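As structure tokens, the structure follows; a few thoughts come after it.
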Amino acid sequence: MGKIILTGDRPTGPLHIGHYIGSLRNRVKLQNNGDYDKMYVMIADSQALTDNFDNPKKIQDNLFEVAIDYLSVGIDPSKVCIFIQSGVDELTTLTYYYMNLVTVSRLQRNPTIKTEIKQRGFETSVPSGFLNYPVSQAADITAFHANVIPVGNDQMPLLEQTNEIVDTFNRIYGDTLTRCEGYLNEDEISQRLPGLDGNAKMSKSLGNCIYLKDDSETVKKKVMSMYTDPDHLKVEDPGKVEGNMVFLYLDVFATDEQIKKYSEFNSLSEMKSKYQQGGLGDVAIKNVLYNVIEEILTPIREKRKYYEENIDLVKDILKKGTEEAKKDASKTLNEVKKAIGIDYFE
Ligand code: TRP
């Protein structure tokens with residue numbers, strides 16, 4: 001069995017630098033190193049509807065945002081099949097057969113689902129579609145026999161659920177589906193970048209993000225508002241590096257080359273020592289970070305402009321990708337029906 005890579009995102013908002021550092025950058029690397037048989041990136045609009053069913057416009061509006069974000073960071077449609085989940089009905093059919101293999105209590109025990117139910121205030125009335133989305137995610141993955149899934153840590157319980165479904169299916173109906181493995185970023189901080197305000201997570205609902213589509217001025221304003229050390233009042237005061245978001249971001253985003261280029265220091269550790277001693281102001285460190293982030297965002301913005309002006313091209317990429325994904329998934333659906341024994345006319 002070769003290597004088949006699949007990832008996806010819910011189109012509930014434009015993508016931000018947390019997504020970039022946590023997964024998009026990784027996907028481009030994977031795409032370019034060529035060590036795979038096929039790579040898919042899915043826009044999970046159906047899954048997004050499971051907790052936004054009353055606001056479909058939000059999903060529609062963000063679908064193209066996310067597609068343009070993908071293309072702007074360099075995901076290459078000639079190497080990667082980019083597709084829309086709702087365009088592949090086979091995934092829904094697979095979900096229906098897999099639902100038989102999972103108990104309600106097992107779904108309720110899923111740690112990711114548990115947290116999300118609390119966050120959404122669904123405790124007293126969970127929509128059954130929402131409770132079931134791990135089953136549909138198992139369909140997303142197995143429909144393509146994907147075995148390498150680059151995701152964040154929070155998705156691991158979903159992959160575990162997928163493998164349970166795979167094992168149960170194969171045991172009852174015979175060897176048909178492929179097990180998968182998560183592919184995690186090497187460093188923890190990149191997996192989940194904290195927000196500009198120091199909140200544990202960069203997230204749209206918390207309003208603490210830098211978006212890939214933000215213009216320079218917006219980025220500057222946001223960086224200048226970042227949480228540093230609340231006790232560092234005067235430039236001469238010694239400052240804290242731990243818990244200081246600017247240094248945390250510099251750790252994640254900056255190379256020593258860039259530190260040299262944008263400051264009077266030779267390395268980030270030198271810059272940190274100066275800050276701790278006193279005599280280095282917040283505006284100065286924020287300026288360095290601003291420049292580093294701009295180096296990442298400038299080429300992304302240029303590509304974004306191109307795709308925004310050529311939206312028909314984006315539509316065409318999504319349409320072709322979805323058709324291709326549909327073909328692949330329908331092969332698996334046929335295998336599944338055959339295994340269960342409901343392929344009556346074959
Ligand atoms: N649950 C994922 C998220 O919230 C999105 C997703 C849907 C996904 N289907 C997938 C990720 C299949 C990986 C594989 O980000």
Side-chain angles (χ1 to χ4, degrees), residues 3-16 18-24 26-27 30-31 36 38-52 58-59 62-63 65-67 69-70 75 80-92 94-95 98 107 110-117 119-120 129-166 177-185 191-193 201-205 209 321-322 325 328-329 332:
K3 192 156 143 186
I4 298 177
I5 305 173
L6 181 136
T7 61
D9 300 280
R10 298 182 197 179
T12 50
L15 302 180
H16 52 62
H19 293 117
Y20 178 78
I21 210 76
S23 71
L24 297 171
N26 230 339
R27 292 182 203 174
L30 280 169
Q31 153 198 296
Y36 53 87
K38 187 141 187 181
M39 183 164 166
Y40 299 89
V41 175
M42 179 185 77
I43 307 183
D45 60 338
S46 304
Q47 186 178 108
L49 277 172
T50 64
D51 59 338
N52 291 282
K58 175 172 159 192
I59 310 305
N62 284 301
L63 192 125
E65 290 286 351
V66 168
D69 282 331
Y70 285 164
I75 293 179
V80 173
C81 176
I82 306 174
F83 73 96
I84 301 176
Q85 186 183 26
S86 66
V88 183
D89 293 328
E90 286 74 6
L91 300 176
T92 324
L94 287 173
T95 304
Y98 295 171
L107 292 167
N110 185 315
T112 307
I113 297 294
K114 261 190 180 163
T115 316
E116 290 177 344
I117 285 177
Q119 282 168 352
R120 287 156 180 73
F130 183 79
L131 189 64
N132 250 306
Y133 93 70
V135 182
S136 110
Q137 188 151 329
D140 302 337
I141 295 169
T142 56
F144 305 97
H145 294 286
N147 48 10
V148 179
I149 317 296
V151 282
N153 231 336
D154 62 317
Q155 295 290 304
M156 294 316 271
L158 291 152
L159 304 190
E160 210 176 289
Q161 177 68 79
T162 297
N163 282 335
E164 278 178 34
I165 291 173
V166 169
L177 303 175
T178 308
R179 291 185 120 248
C180 69
E181 251 174 63
Y183 176 84
L184 292 171
N185 236 328
Q191 270 179 42
R192 176 134 297 186
L193 189 70
K201 192 183 165 191
M202 180 173 279
S203 111
K204 185 168 191 256
S205 51
C209 311
T322 304
D328 296 344
T332 307

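Quick caveat, the model's predicted, so the values are computed rather than measured. Counting starts at 1 for both ligands and their atoms, following the listed order.
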Item to complete: Check the pair D51 / Y133 against side chain to side chain donor-acceptor pair (under 3.5 Å), numbers first and verdict last.
Response: CA-CA 10 Å; D51 59 338; Y133 93 70; over 6 Å; no
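When each of T162, V88, T95, L91 is paired with D140, the side chain to side chain contact (heavy atoms under 4.5 Å, CB included) condition holds for L91 and for no other. None of I165, I113, L159, T112 except one satisfies the side chain to side chain contact (heavy atoms under 4.5 Å, CB included) rule with P134; the exception is I113.
Proximity to M42 (heavy-atom distance under 4.0 Å) selects the following atoms of ligand 1: 7 (C), 9 (N), 10 (C). Listed by atom number, the atoms of ligand 1 under 4.0 Å from G8 heavy atoms are 5 (C), 11 (C), 13 (C), 15 (O). The ligand atoms of ligand 1 that sit less than 4.0 angstrom from a heavy atom of D140 are 7 (C), 9 (N), 10 (C). Listed by number with element, the atoms of ligand 1 under 4.0 Å from a non-hydrogen atom of L6 are 12 (C), 14 (C). Near I149, meaning under 4.0 Å from any of its heavy atoms, are these atoms of ligand 1: 13 (C), 14 (C). Every atom of ligand 1 is numbered from 1 in the order shown, and the set under 4.0 Å from a heavy atom of R10 is 4 (O). Residue A44 has at least one heavy-atom neighbour below 4.0 Å for each of these atoms of ligand 1: 7 (C).
Ring orientation note: the planes of F83 and F144 are tilted relative to one another, at an angle of 30° to 60°.
With a 4.0 Å cut-off on non-hydrogen atoms, Q155 touches ligand 1 through its side chain and not its backbone.
M39 is listed as a side-chain neighbour of R27, based on a closest heavy-atom distance under 4.5 Å.
A donor-acceptor pair is defined here as one N or O able to donate and one able to accept, closer than 3.5 Å; no such pair exists between the side chain of N147 and the backbone of E181. A donor-acceptor distance shorter than 3.5 angstrom exists from the side chain of T115 to the backbone of P111, with no hydrogens or angles considered.
Not a single N or O atom of Y133, backbone or side chain, sits closer than 3.5 Å to an N or O atom of ligand 1.
More than 12 heavy atoms of other residues, nucleotides or ligands shown are found within 6.0 angstrom of OH on Y36.
Among all non-hydrogen protein atoms, the one lying nearest atom 6 (C) of ligand 1 is Q137 OE1, 3.6 Å. What sits closest to atom 7 (C) of ligand 1 on the protein, heavy atoms only, is Q47 NE2, 3.3 Å.
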